K.L.:
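Sharing a structure, written as structure tokens. Questions coming.
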Amino acid sequence: MTTLPSKTAVAVRNTAPNKSGVQVRNSLLTVLTYLLAFVFFFPILWFVLASFKTEAQAFAIPPIFSFSPILDNFRVALERYAPALANSLIAALGSTLFAFLLGLPAAFALAVYPTRRSRGVLTWMLSTKFMPAVGVIVPLYLLFKNLYLLDTLPGLIIMYTTMNLPLVVWMMHSYMTEIPYAIYEAAKVDGATVGQEFFGIALPLSLPGISATALLAIIFAWNESFFALNLTTSDAAPLSVFIGSFKTGEGLFWAQMSAAAVLTVFPVIVFGWVAQRQLVRGLSFGAVK
Amino acid sequence: MTAQAQAQALTASSPPSRGGFRLTPSALILPALLYLIATTQVPFFMTVYYSFFQWNLTIPTPVHPFVGFGNYIGLLTDAQNFRVILNTLVLTGGTLFITLVLGGLLAMLLNRPFIGRTLLRTLLISSFLVMPVVTAVVWKNMLLNPVFGFFSWLIQQFGGTPVDWLAAHPMGSIIAMVSWEWTPFAMLILLTGLQSLPDDQIEAARLDGANPWQEFRHIVLPHWTQALEVVILLETINVLQVYGEIYASTSGGPGVATTNLPYYIYQRALAEGNIGVGSAAGVIAVILTNILAIFMLRLINKNAATGGHA
């Protein structure tokens, strides 16, 4: 993201004979970019607008673009949305925490004490991320039923931890291998233990990586819908299940639905905007940096 | 596998000394490893086991008869199931095509300096971050509704007649939703790929009188190969598993028009309680996905070996 083509390079390019032609083409392309960005953002804009309308305004044909915004929808949505929000928060934060508790030591050991098998272990862990949820859902559903984990937050956290653990190990391994090995060597000379290396060097030096990875993990857990829809019903239902309930009759309340959608989507979009530099690395597991 | 071996050699040789601590580091890896085995491998082997039995939760029988490959044969010989496989492939292929074209176009447009570039990129990644279930309910109601939906109104402004999108073009509608979500992904990866293309290469080509198409075909495209591979593989793996969008919009219908493999498994195993058939379909889904995942892992490891560990 930092390798923005410099303006000077473009200026050099533009000194070609057909200068004005190139400029016209460039501004047309810019207009096209703005247009496409608007089209892509429109569905989001549309439900954000609807969330501030009355139900009648939200339904109106022709659509209403200017209106005096109201906050009633958010008040109504928040009342019903609060339990689902709490469940989503606990599931997303809890699973991220567990994924780090399990994943950070593993990433550290694989990065700083690599053995012949390290690459194989890493690859295997990542491969579990590509296992379709439908390949494990049937026995999980039955096991959860027998263990009374259906429709509970621990059940959801167990599966979200599974989902995020390979990401955490893989990303933190990549950040920790970027710490110069000489730093560890210096510590060893001073007689540092493995624990001191972990808490004194690896953790503090990979803090930016930890925050970026945590944001990604929270986004993935927050947006997850397959396990949520199949392993929870009411008590532990997170936002994806709550919003899913608008698919039938309740979908008639567009303004309310929009307010709930805004509240659901807003935190994650902000997180995504904040973490956008790390997004590519995390999404491609480091294959594209 | 050779790439993996190289990577192993590389990681193993880089730190000079590591004596004395062998036991402790492996003890640090073990919890994560065991956790993943317990929550992915164990249930998967149980799925494989269940797939050989006739077992329906709604029919209480003391024993579940062993049927060998009966569930698989039943799945693969039922003509309706070909529709499910076909739906899965059409959804994945259609989405892939649209997101590659649009994502590639947006990546090229964003790879030019202009005012508001960062803002537009930020706005453009937003649809990828929207929860799939939200996408489905918003699109289904507020955009695709034949009477009150925005798209119908738009069409009428241009003199067309409103369309009941989800009834008339169910698969097209789902592809549109999923493409809306995944285009930013393709765009981001492809943009990152473009940004590593040295400026002087393009300038040299322009000095040699290359037209935009030649520039794209001979300089951009070869440089893009790896980013394209990443987009194609990761998107395929993820779009094969689309579930929330279908669950909250069409519920697989009308008929089986938008039932893909994950939704089919949900219907068989969890809605109907048919553990045996649902498990067999799950195993088929895993096999399908793993073929792709193997290529993806090779690609990631190749990159880790060449560019990663310094």
Side-chain angles (χ1 to χ4, degrees), chain A residues 3 5 7 9-10 29-30 33 37 40-41 44 47 59 61-63 102-103 105-106 109 113-114 116 118-119 123 125 127-128 130-132 134-136 138-140 162 165 169 177 181 194 223 225-226 229-230 240 243-244 246-247 251 254 261 264-265 268-269 272-273 280 284-285 287-288, chain B residues 7-8 11-12 15 18 21 24-25 28-29 31-32 35-36 39-40 43-44 46-47 109 113-114 120 122-124 126-127 129-134 137-138 141-142 148 153 188-189 192 195 199 227 230 237 241 243-244 248 262 265 269-270 275 278-279 282 285-286 289 293 297 300 303 309:
Chain A
T3 54
K7 295 245 180 203
V10 177
L29 288 177
T30 304
T33 319
F40 260 87
F41 196 70
I44 297 175
F47 73 76
F59 251 108
I61 287 286
L102 290 166
Y113 294 94
R116 209 173 290 261
S118 294
R119 180 55 57 177
T123 305
M125 284 190 177
S127 76
T128 63
F130 299 140
M131 161 85 81
V134 290
V136 293
V138 176
L140 278 176
T162 303
L165 183 51
V169 172
T177 47
Y181 197 73
V194 174
N223 278 354
S225 57
F226 185 79
L229 289 166
N230 287 312
S240 42
I243 296 287
F246 281 101
K247 77 172 191 163
W254 286 9
T264 302
V265 164
V268 164
I269 289 193
W273 287 348
V280 171
S284 68
F285 303 102
V288 177
Chain B
Q8 277 168 10
T11 19
R18 52 184 159 77
F21 287 119
T24 323
L28 294 175
I29 301 171
Y35 188 88
L36 283 175
T39 54
T40 64
F44 175 64
M46 288 171 77
T47 308
L109 286 172
F114 62 88
L120 288 200
T122 306
L123 287 181
L124 274 164
S126 308
S127 59
L129 300 163
V130 174
M131 181 187 285
V133 181
V134 170
V137 293
V138 167
N141 291 302
M142 299 174 64
F148 303 104
W153 175 77
L188 267 181
I189 306 275
T192 311
Q195 283 170 337
D199 271 350
V230 170
I237 291 170
Q241 300 186 48
Y243 175 80
I265 292 165
L270 301 172
I275 299 300
S279 297
V286 170
T289 315
L297 290 169
I300 291 172
N303 189 266
H309 204 290

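In this text, all values refer to a predicted model and were calculated from it rather than measured experimentally.
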K.L.:
With a 4.5 angstrom heavy-atom cut-off, which part of B/Leu123 approaches chain A: side chain, backbone, both or neither?
P.N.:
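For B/Leu123, backbone and side chain are both near chain A.
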K.L.:
When heavy-atom pairs shorter than 4.5 Å are enumerated against chain B, which of A/Pro132, A/Ala109, A/Pro105, A/Ala106 gives the highest number?
P.N.:
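Answer, by heavy-atom pair count under 4.5 Å with chain B: A/Pro132.
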K.L.:
Can you confirm whether B/Ser126 sits close enough to A/Phe41 that some side-chain heavy atom of one is under 4.5 Å from a side-chain heavy atom of the other?
P.N.:
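The answer is yes; the side chains approach within 4.5 Å.
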K.L.:
Pairing donors with acceptors under 3.5 angstrom, does anything connect the side chains of B/Thr39 and A/Thr162?
P.N.:
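Per modelled atom types, B/Thr39 and A/Thr162 side chains form a pair under 3.5 Å.
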K.L.:
Of the listed residues (A/Leu140, A/Leu229, A/Thr128), which shares the most heavy-atom pairs with chain B below a 4.5 Å separation?
P.N.:
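Of A/Leu140, A/Leu229, A/Thr128, A/Leu229 has the most heavy-atom pairs under 4.5 Å with chain B.
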K.L.:
Search all heavy atoms of B/Gln241 against all heavy atoms of A/Phe130 and return the closest pair with its distance.
P.N.:
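So the minimum-distance heavy-atom pair works out to NE2-O, 4.3 Å.
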K.L.:
For A/Thr30, is it the side chain, the backbone, both or neither that has a heavy atom under 4.5 Å from a heavy atom of chain B?
P.N.:
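Its backbone and side chain both get close to chain B.
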K.L.:
Please identify each residue that fulfils ring-ring contact (aromatic ring centres under 6.0 Å, His included) with B/Phe44, with sequence neighbours left out.
P.N.:
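With sequence neighbours excluded, B/Phe44 shows a ring-ring contact (aromatic ring centres under 6.0 Å, His included) to no residue whatsoever.
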K.L.:
Using a 4.5 angstrom heavy-atom cutoff, name the option from A/Val169, A/Val268, A/Asn230 with the most pairs to chain B.
P.N.:
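When all of A/Val169, A/Val268, A/Asn230 are compared, A/Asn230 has the most.
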K.L.:
In terms of heavy-atom proximity below 4.5 Å to chain A, should B/Phe148 be classed as side chain, backbone, both, or neither?
P.N.:
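Backbone plus side chain of B/Phe148, per the 4.5 Å heavy-atom cut-off to chain A.
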K.L.:
Could you pull out the closest heavy-atom pair between B/Ala269 and A/Val138, with the gap in Å?
P.N.:
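The answer is CB-CG2, 3.5 Å.
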K.L.:
Can you confirm whether B/Phe114 sits close enough to B/Leu109 that some side-chain heavy atom of one is under 4.5 Å from a side-chain heavy atom of the other?
P.N.:
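B/Phe114 does not reach B/Leu109 side chain to side chain.
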K.L.:
At a 4.5 Å cut-off on heavy atoms, which part of A/Leu165 comes close to chain B: side chain, backbone, both, or neither?
P.N.:
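Just its side chain gets close to chain B.
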